[in-house]
Amino acid sequence: GFSNNADQLAVPDRLARDYRRAAEQITAGILATPANLATIVGCDPAPDAVGCAETFIDTFGRRAFRRPLTDAERAAFLSIYQGGDGMYESGSAFEQGIAMVIEAFLQSPSFLYRVELSSPPAGSELVALDGWEVAARLSYMLWNSTPDDALLAAAEAGELATPEGIEAQARRLLADGRAADPVQDFHAQWLHMDKYPNIQKDPMVFPGYDPASPASMAAETMEFFRRTILEQQGTYADLMTSRTTYVDATLASIYGIEGDFGDTLTPVELDPATRSGFLTQPGFLASNAYLVETSPIHRGVFIQRQVLCTEIPDPPPGVDLQLPPADDTIKTTRQRVTHH
């Protein structure tokens with residue numbers, strides 16, 4: 001149910017071609033603006049073009065591969081630089097060589113994948129990752145992006161060889177605003193929030209339903225997770241039991257909260273008798289319901305599978321799967337499910 005399922009992350013020919021085209025487009029854009037290329041290179045090729053290229057290969061390669069280059073890699077990219085002249089329609093020999101180096105880096109498996117080259121010591125099945133590999137794991141887990149200069153410097157200094165050093169860097173990354181996106185993305189996948197834009201309700205049954213509601217519902221849930229986890233250092237129990245949420249005018253109407261609300265999400269306290277954590281937020285409830293009625297069954301199945309990680313067996317043969325219709329004695333959905 002998550003997008004990083006390794007079994008589904010193969011690279012077919014079409015994706016490989018897309019990687020190549022992306023690399024070509026990026027380098028073409030760099031060549032089109034020499035000032036940008038000079039900024040990227042960071043050294044003056046006039047006195048020693050090869051020396052400047054070697055410096056660029058080392059510095060750019062360290063960022064691209066999230067580790068220092070090996071001697072063999074350094075020599076290979078220098079050879080690519082030397083063969084770059086004439087490969088593009090514009091630019092000096094130095095500029096075209098650097099462009100070819102960039103294009104090669106952006107298609108390298110060591111750039112496209114998080115490669116871990118450490119091996120276990122003799123007689124052990126456990127692999128001790130080096131500082132560069134730990135830095136990449138931290139950065140992609142907490143930022144969903146490449147390590148920054150400070151994290152690479154910590155890896156180079158050996159500071160990620162201890163739990164204390166790892167914790168210090170993890171706390172620094174979490175304190176950065178870039179940590180919000182991975183936290184929100186994980187919970188969006190967990191809750192199947194890709195269904196939220198398709199939430200619809202029958203206006204004859206729900207006359208107050210606003211077509212803009214799904215966007216507000218998604219924003220509420222994302223803000224709830226961001227603030228509870230990253231700002232309030234909340235626990236798992238807080239996610240399940242918090243009475244605080246964040247509403248705009250649309251959501252305030254759904255909750256029945258009086259007050260002056262606009263387009264901005266505002267923190268409010270909800271009735272503890274009816275609301276407890278994200279499982280009672282409108283987005284979760286509405287996305288696990290029907291066009292004209294609620295669905296305790298769908299909500300219960302979600303909680304069993306996604307929250308409790310329980311496998312639900314198929315019903316035994318001959319069971320009537322249809323709920324009884326409402327009548328004078330069985331009026332609410334809860335009563336229909338209980339009767340069934």
Peer 1: Within a reach of under 6.0 Å around CD of Glu258, are more than 12 heavy atoms found that belong to other residues, nucleotides or ligands?
Peer 2: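 Count not over threshold, so no.
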
Peer 1: Is it the case that the side chain of Ser253 and the backbone of Ala249 share a donor-acceptor pair, with hydrogens and angles ignored and the cut-off at 3.5 Å?
Peer 2: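 Judged by distance alone, no pair lies under 3.5 Å.
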
Peer 1: Taking atom NE2 as the centre, does His298 end up with more than 12 heavy-atom neighbours from other residues, nucleotides or ligands that are less than 6.0 angstrom away?
Peer 2: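 Check fails, neighbour count at 12 or below.
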
Peer 1: Would you say that more than 12 heavy atoms from the other residues, nucleotides or ligands in this model lie under 6.0 Å from the CZ of Arg21, or not?
Peer 2: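 More than 12 heavy atoms, drawn from other residues, nucleotides or ligands, come within 6.0 Å of this atom.
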
Peer 1: If only atom types and distance count, is the side chain of Gln306 paired as donor or acceptor with the main-chain N or O of Trp190 below 3.5 Å?
Peer 2: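 Confirmed, Gln306 side chain pairs with Trp190 backbone.
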
Peer 1: How long is the gap from OG on Ser287 to CZ on Arg299, to the nearest 0.5 Å?
Peer 2: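 Nearest 0.5 Å value for the OG-CZ distance: 8.5 Å.
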
Peer 1: Hey, could you give me the OG/CZ distance between Ser139 and Arg178, rounded to the nearest 0.5 Å?
Peer 2: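 Here the interatomic distance stands at 8.0 Å.
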
Peer 1: Is the backbone N or O of Ala289 less than 3.5 Å from a side-chain atom of Thr294, with the two atoms forming a donor-acceptor pair by type?
Peer 2: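 Side chain of Thr294 to backbone of Ala289: no pair is present.
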
Peer 1: Let me see the working for Arg137 and Leu129 under side chain to side chain contact (heavy atoms under 4.5 Å, CB included), right down to the final yes or no.
Peer 2: CA-CA 10 Å; Arg137 284 200 177 191; Leu129 301 180; 3.4 Å; yes

Peer 1: For the residue pair His187 and Phe224, is the inter-centroid distance of their aromatic rings smaller than 6.0 Å?
Peer 2: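 No.
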
Peer 1: Is it true that Glu167 and Arg171 have a side-chain N and a carboxylate O under 4.0 angstrom from each other?
Peer 2: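 Salt bridge flag = yes for Arg171 with Glu167.
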
Peer 1: Give, for atom CZ of Phe56 and atom CZ of Phe105, the distance between the pair rounded to the nearest 0.5 Å.
Peer 2: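 Separation between the atoms: 7.0 Å.
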
Peer 1: Is it the case that the side chain of Glu103 and the backbone of Ala23 share a donor-acceptor pair, with hydrogens and angles ignored and the cut-off at 3.5 Å?
Peer 2: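 No, the answer is negative, given that no donor and acceptor are paired below the 3.5 Å cut-off.
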
Peer 1: Between Phe94 and Tyr81, what is the ring plane arrangement, given parallel below 30°, perpendicular above 60°, and tilted in between?
Peer 2: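 Taking Tyr81 first and then Phe94, their aromatic rings stand perpendicular (interplane angle over 60°).
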
Peer 1: Starting at CZ of Arg172, measure out to CG of Leu138 and round the result to the nearest 0.5 Å.
Peer 2: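 Taking CZ in Arg172 and CG in Leu138, the distance rounds to 9.5 Å.
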
Peer 1: Treating Thr280 as the side-chain partner and Ser276 as the backbone partner, does any N or O pair qualify as donor plus acceptor under 3.5 Å?
Peer 2: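 Judged by distance alone, yes, a pair lies under 3.5 Å.
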
Peer 1: Check step by step if side chain to side chain donor-acceptor pair (under 3.5 Å) holds for Thr333 and Glu293.
Peer 2: CA-CA 8 Å; Thr333 303; Glu293 62 183 2; 4.7 Å; no

Peer 1: About how many Å separate CD1 of Ile80 and OG of Ser108, when rounded to the nearest 0.5 Å?
Peer 2: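 Between Ser108 OG and Ile80 CD1, I get 9.0 Å after rounding to 0.5 Å.
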
Peer 1: Would you say the side chain of Leu31 lies within less than 4.5 Å of the side chain of Glu95, judging by non-hydrogen atoms?
Peer 2: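 In short, these two side chains touch, coming nearer than 4.5 Å.
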
Peer 1: Are side-chain heavy atoms of His340 and Pro324 found at a separation under 4.5 Å?
Peer 2: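 With C-beta onward as the side chain, the pair touches.
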
Peer 1: Under 3.5 Å, is there a donor on one side chain and an acceptor on the other for Asp248 and Ser216?
Peer 2: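 Present: a donor and an acceptor within the cut-off.
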
Peer 1: Please name the residue in the list Arg67, Arg63, Arg74 that meets the salt bridge (charged side-chain N to carboxylate O under 4.0 Å, His left out) test with Asp58.
Peer 2: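 Going through the options one by one, the only one that passes is Arg74.
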
Peer 1: Just wondering, do Asn288 and Lys195 contact through their side chains at under 4.5 Å, heavy atoms?
Peer 2: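 Result yes, sub-4.5 Å side-chain heavy-atom pair found.
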
Peer 1: Are the side chains of Thr244 and Arg227 in touch, meaning some heavy atoms are under 4.5 Å apart?
Peer 2: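 In short, these two side chains do not touch, never coming nearer than 4.5 Å.
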
Peer 1: Can you tell me how far the CG atom of Leu69 sits from the CZ atom of Phe60, to the nearest 0.5 Å?
Peer 2: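 Here the interatomic distance stands at 10.5 Å.
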
Peer 1: Can any side-chain N or O of Trp143 pair as donor or acceptor with the backbone N or O of Leu173 at less than 3.5 Å?
Peer 2: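 Present.
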
Peer 1: Determine, stepwise, if the pair Asn36 / Thr39 fulfils side chain to side chain donor-acceptor pair (under 3.5 Å).
Peer 2: CA-CA 5 Å; Asn36 288 346; Thr39 301; 5.3 Å; no

Peer 1: Just one of Phe225, Tyr236, Tyr246 clears the ring-ring contact (aromatic ring centres under 6.0 Å, His included) bar with Phe278, so which one?
Peer 2: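 Of all the options given, the one that passes is Phe225.
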
Peer 1: Examine distances only and state if a side-chain atom of Lys201 and a backbone atom of Pro211 form a donor-acceptor pair shorter than 3.5 Å.
Peer 2: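 No; zero donor-acceptor contacts below 3.5 Å.
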
Peer 1: Who pairs with Asp185 by side-chain hydrogen bond (donor to acceptor under 3.5 Å, both in side chains), at least two apart in sequence or on another chain?
Peer 2: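 Asp185 satisfies side-chain hydrogen bond (donor to acceptor under 3.5 Å, both in side chains) with Gln189 only.
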
Peer 1: Report the C-alpha separation of Phe302 and Phe284 in whole Å, then their side-chain angles, then the decisive distance to 0.1 Å, and conclude whether the ring-ring contact (aromatic ring centres under 6.0 Å, His included) test is met.
Peer 2: CA-CA 10 Å; Phe302 180 94; Phe284 171 78; 5.2 Å; yes

Peer 1: Tell me if a side-chain donor or acceptor on Thr338 pairs with a main-chain N or O of Arg334 at a distance below 3.5 Å.
Peer 2: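 Yes.
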
Peer 1: Answer yes or no: is there a side-chain heavy-atom contact under 4.5 Å between Arg305 and Val307?
Peer 2: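 When only atoms from C-beta onward are counted, Val307 and Arg305 do not touch, as no gap falls below 4.5 Å.
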
Peer 1: Using distance alone, with no hydrogens and no angle criterion, decide if Ser213 and Asp210 have a side-chain donor and acceptor under 3.5 Å apart.
Peer 2: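 No, no side-chain donor-acceptor contact under 3.5 Å.
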
Peer 1: Residues two or more places apart in sequence or in another chain: which of them pass side chain to side chain contact (heavy atoms under 4.5 Å, CB included) with Val268?
Peer 2: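 Applying side chain to side chain contact (heavy atoms under 4.5 Å, CB included) to Val268 gives Thr245, Val247, Ile257, Phe261, Leu270.
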
